[in-house]
Protein chains: 2
Amino acid sequence: MARMVAERSDAIASLAEVFREHGYEGASLALIGKATGLGKGSLYHFFPNGKEEMVRAVLAEIEQWFEDSVYSPLRDGDDADAAITAMLDETAKYFRSGRRVCLVGALAVANTRDLFAQAIRGYFVAWVDALQAALVRQGRDTEQARLLSEDAVLAIQGAIVLSRALDDPAVFQRAIDQLHARLAFNGEMLDNNASGSGSL
Amino acid sequence: MARMVAERSDAIASLAEVFREHGYEGASLALIGKATGLGKGSLYHFFPNGKEEMVRAVLAEIEQWFEDSVYSPLRDGDDADAAITAMLDETAKYFRSGRRVCLVGALAVANTRDLFAQAIRGYFVAWVDALQAALVRQGRDTEQARLLSEDAVLAIQGAIVLSRALDDPAVFQRAIDQLHARLAFNGEMLDNNASGSGSL
DNA sequence: TAAACTCTTGACTGATTGGTACAGTAGCTG
DNA sequence: CAGCTACTGTACCAATCAGTCAAGAGTTTA
């Protein structure tokens, strides 16, 4: 019966964490209530459409964070190379070197995918597009930049899966390091045969 | 009250499909019953420990399939290059070009990870080890082979996530093609200094 | 034929699910 | 001060959950 602190936005970080840890179906209202410190009454006051709306709010916040911290510098930063380096470092930090799951990626392989398909797609489209823009600004061919950026985003997602499966954050870090090498503009440009880049 | 056909093994393919589509928590006994055509009584007759035992049975069958179809040829095939090519093609077929989720990968990012941690880890360790063995037989350095095989397995997992997120199987196929190029032994071996390939 | 075994059914249980309703309480506005 | 809105706790709901069980049906063995 109190008004405690409770702004809607305060809850979102906790919500994100509980959905990451338990998934959409696994995150029960009891669990959510415990994680946020909010009762059902408050939860349904802030999110009248229940869990679905909670996830949408979380996805929106995630998208916003990536937009500000990653996509925007990639698209508009004046130093493309620096923006790419920053993206990899920020990403590694964000995912805690693979110890933290990517909620969007997890939703993409879950049965709930259809419910959030648009948000999921938007997240990845924006990421690939922004990275491609940076690679083009590096002087790369548009098509090669597209493939390379797809490849990079995919590698990050795979690195989360594999490093969790092996319970070894070093796997994630190696993948990031690998991407540093493959995405950097070294001054000496790779020739158009991209396949040879696996020197490590 | 009939004895219909019902061998335990008959159910496993259906079980795998339903766990892939709905995840561990999302696959209710009602859903499982519908998918397998078995009532609760039969399910608990074959799998006395319930869902957990069902998933273990599915994981064992998956592991066995990969062992026979992928790992074993990679480790012991007389033509390493052919085994790698076969692995990529079999894998692409198995995952239906990304339309089908990797159950092991999905479990790895779910909260149920701990329950099946050993099986999940075993699956990926075996995959990476087998691929590494093939790459070494190609004549590559042990350490490079290790990193490259980690990278390939990770890319396949990431390709499933991204192609589902974008709802575009072509993303998966491009990743497989990319791996074909990166894992093939071209006759002209990459030296450890990649810059030397100088086309001009 | 009779007993033994293997499978199947479906009703049942107690717990938990997401969600609703509502009374109540605190803080703000007038 | 009164009245309003914003928030909170809780009792409650129907549905569903995983899992149990006794009774029965079909097959195999003797």
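Residue numbers start from 1 in every chain, and the chains themselves are labelled A, B, ... in the order their sequence lines are given, proteins ahead of strands.
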Measure [atom1]/[X] against [atom2]/[N] and give the value in whole Å, please.
X: B/K34; N: D/dA18; atom1: NZ; atom2: C1'; result: 17 Å
X: B/F46; N: D/dG19; atom1: CZ; atom2: C1'; result: 18 Å
X: A/L31; N: C/dT17; atom1: CG; atom2: P; result: 8 Å
X: A/E25; N: D/dT16; atom1: CD; atom2: C1'; result: 13 Å
X: A/L29; N: C/dG19; atom1: CG; atom2: P; result: 6 Å
X: A/L38; N: D/dT10; atom1: CG; atom2: P; result: 13 Å
X: B/E53; N: D/dG19; atom1: CD; atom2: C1'; result: 14 Å
X: A/F47; N: D/dT8; atom1: CZ; atom2: P; result: 12 Å

Touch class at under 4.0 angstrom, heavy-atom based, for A/G50 against every strand present: sugar-phosphate
Sugar-phosphate only, base, or nothing, as touched by A/G39 at under 4.0 Å among non-hydrogen atoms: sugar-phosphate
Of A/T85, A/I84, A/D151, the residue whose pairing with A/L183 passes side chain to side chain contact (heavy atoms under 4.5 Å, CB included): A/I84
Side chain of [X] only, please: which of [options] is the nearest?
X: B/K40; options: C/dC12, D/dG9, C/dG18; value: C/dC12
X: B/H45; options: C/dG18, C/dC7, D/dT8; value: C/dC7
X: A/S42; options: D/dA18, C/dT9, D/dG9; value: D/dG9

Rounded distance (nearest 0.5 Å) linking atom CE of A/M54 with atom CG of A/L59: 13.5 Å
Distance (rounded to the nearest 0.5 Å) between B/I156 CD1 and B/W127 CH2: 4.0 Å
Sidechain-backbone polar pair: B/R121 side chain, A/L166 backbone, donor-acceptor under 3.5 Å: yes
Cation-pi, B/Y94 ring and B/R100 (6.0 angstrom, 45 degrees): yes
Below 4.0 Å: OP1/OP2 of D/dC17 and any side-chain N or O of B/S28: yes
